[in-house]
Structure formats: structure tokens, C-alpha cells
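Structure first, then comments.
On a predicted model such as this, the values are computed, not experimentally measured, just so you know.
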Amino acid sequence: MSNTISFQEIIGYVEALSQEDQDLLLELIQKRRVEKRRSEIANHAVQTLTAIDAGTAKKGTVGDLWADLTGDE
């Protein structure tokens with residue numbers, strides 16, 4: 001059996017909180033989302049630097065990128 005909580009149940013729990021607790025929860029969620037995004041960006045940077053070091057990264061202009069994406073020569 002699964003112990004999952006439905007989205008609607010979560011909404012109910014949040015609505016049952018005081019306004020102050022709701023504000024704190026919102027702030028906490030926003031901070032965690034920012035930290036998660038920062039971590040994702042850092043991981044992408046490491047991947048990019050690794051690709052550059054390995055010589056597998058592509059370099060060029062926006063036009064080069066567009067041509068690569070669309071298959072135009």
C-alpha cells in the first residue's frame with residue numbers, strides 16, 4: 001500500500017495552517033526551489049566544463065547554433 005497524500009489533501013493541510021505558518025511555508029518552498037535551481041545550474045556548468053576539457057563541446061555563433069539545430073548548412 002502507498003502512503004501518498006493527494007494534492008487536494010495537501011491544500012487542505014496548508015489551508016488549516018495559520019496565516020503566519022502559511023507565509024513561512026511559502027518562504028521555505030521558494031528558498032528550496034531557488035537552491036534546487038542553483039544546484040541544477042552548477043551541475044550543468046560542471047558538465048559544460050567537462051565537455052570543453054574533453055573537446056566535445058561545440059562552439060560558434062548564434063547562426064552556427066541555429067544551423068546546427070535546423071540542419072541548415
Residue pair Gln22 / Leu26, side-chain heavy-atom distance below 4.5 Å: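 Gln22 does not reach Leu26 side chain to side chain.
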
Remaining members of the apolar cluster that contains Leu65, side-chain heavy atoms under 4.5 Å: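 Its cluster partners, ordered by chain and number, are Leu69.
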
Members besides Ile10 in its Ile/Leu/Val/Met/Phe/Trp/Tyr cluster (side-chain heavy atoms under 4.5 Å):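 Result for Ile10 is Ile5, Tyr13, Val14, Leu17, Leu25, Ile29.
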
salt_bridge(Lys31, Glu27) N-O dist < 4.0 Å: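 A salt bridge is present here (some side-chain N lies under 4.0 Å from a carboxylate O).
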
Inter- and intrachain pairs under salt bridge (Lys or Arg N to Asp or Glu O under 4.0 Å), touching residues 4-23, at least two apart: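 For residues 4-23, and leaving out neighbouring residues, there are no salt bridge (Lys or Arg N to Asp or Glu O under 4.0 Å) pairs at all.
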
Residue pairs, two or more places apart or on separate chains, that pass side-chain hydrogen bond (donor to acceptor under 3.5 Å, both in side chains) and touch residues 39-50: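 The answer is Arg37-Glu40.
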
Pairwise side-chain hydrogen bond (donor to acceptor under 3.5 Å, both in side chains) hits with a residue in residues 56-69, at least two apart: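 Sorted result for residues 56-69: Lys58-Asp68, Thr61-Asp64.
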
Residues which pass side-chain hydrogen bond (donor to acceptor under 3.5 Å, both in side chains) with Gln30, listed by chain and number, not counting sequence neighbours: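 Gln30: no side-chain hydrogen bond (donor to acceptor under 3.5 Å, both in side chains) contacts found.
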
